Number of protein chains: 2
Amino acid sequence: MYAVIFRAEIKRFDQSYSDMAARMRELAKSKYGCNEFTALTEGNHEISISYWDSEEQIIAWKQDPEHKLAQELGRSKWYKSYKVQVVKVEREYTSNT
Amino acid sequence: MYAVIFRAEIKRFDQSYSDMAARMRELAKSKYGCNEFTALTEGNHEISISYWDSEEQIIAWKQDPEHKLAQELGRSKWYKSYKVQVVKVEREYTSNT
């Protein structure tokens, strides 16, 4: 399993951001095979993590036309800076509380 | 580079949690070689990510006596549930905005 860690400093969020984020989440899952998506925002910082079965899916998703537009808007409008890390999940464990 | 993704649902946070979290962050960096630590909390959810040069460092850190005590307190007191994922960073890119 692979994941994409997205960490950003937010410049400004507005309704168009919320709409786009919801649309991108839905598109990633329905069309590109994203298994899970989680995101948290605190102050002007955001972390989102998406999970995928393969790197090929991640590459296809990155090149989706709607997603490319969202990325451009992110750079120009919503984010001050961001970092993207593509990672391979080596092992995981879950609490049983 | 490796990272540890910690995702949790919070049961209850108090001052003892804040003190312990600060102590653990300092210990991971000073004694076990953690390169970077970032954490966000929104509502009753938390994501924290720590970065490391090797898996050996992560294993040593997991077994630290003070950290083991913190893990026990986390399970019994602070967290409702959590998931830990050890990941290998395959590639990364940063915005130049």
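Both backbone and side-chain heavy atoms feed into the values below; hydrogens, waters and symmetry mates do not. Not measured: the values here are computed from a predicted model.
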Does one hydrophobic cluster hold both [X] and [Y], with members joined at side-chain heavy-atom distances below 4.5 Å?
| X | Y | result |
| --- | --- | --- |
| A:F37 | A:Y2 | no |
| A:L73 | A:F6 | yes |
| A:I58 | B:Y93 | yes |
| A:L27 | A:L69 | yes |

Mark yes or no for whether [X], through its side chain, and [Y], through its backbone, hold a donor-acceptor pair below 3.5 Å.
| X | Y | result |
| --- | --- | --- |
| B:S95 | A:Y82 | yes |
| B:Q85 | A:V89 | no |
| A:E90 | B:V87 | no |

A:H45 versus B:L40, closest heavy-atom pair with distance: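 That closest heavy-atom pairing would be O-CD1, 3.5 Å.
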B:R7/A:E92 salt bridge by N-O under 4.0 Å criterion: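 The answer is no: the pair does not qualify as a salt bridge.
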Check the surroundings of atom NZ in B:K77: do more than 12 heavy atoms from other residues, nucleotides or ligands lie under 6.0 Å from it?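 Check passes, neighbour count above 12.
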Heavy-atom count check: over 12 atoms from other residues, nucleotides or ligands less than 6.0 Å from A:K29 NZ?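 Atom NZ in A:K29 is packed in, count exceeds 12.
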Out of B:K62, B:K11, B:E46, which one racks up the most heavy-atom pairs below 4.5 Å with chain A?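 Looking at each of B:K62, B:K11, B:E46 in turn, B:K62 comes out on top.
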Between A:K83, A:M1, A:E55, which shows the greatest number of heavy-atom pairs under 4.5 Å with chain B?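 Of A:K83, A:M1, A:E55, A:K83 has the most heavy-atom pairs under 4.5 Å with chain B.
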Give the member of A:T94, A:I49, A:I5, A:I47 that has the highest number of heavy-atom pairs under 4.5 Å with chain B.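 The candidate making the most pairs under 4.5 Å is A:I47.
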Against chain A, label B:Y51 side chain, backbone, both or neither, depending on which of its atoms sit under 4.5 Å from a heavy atom there.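 Contact with chain A is through the side chain of B:Y51 alone.
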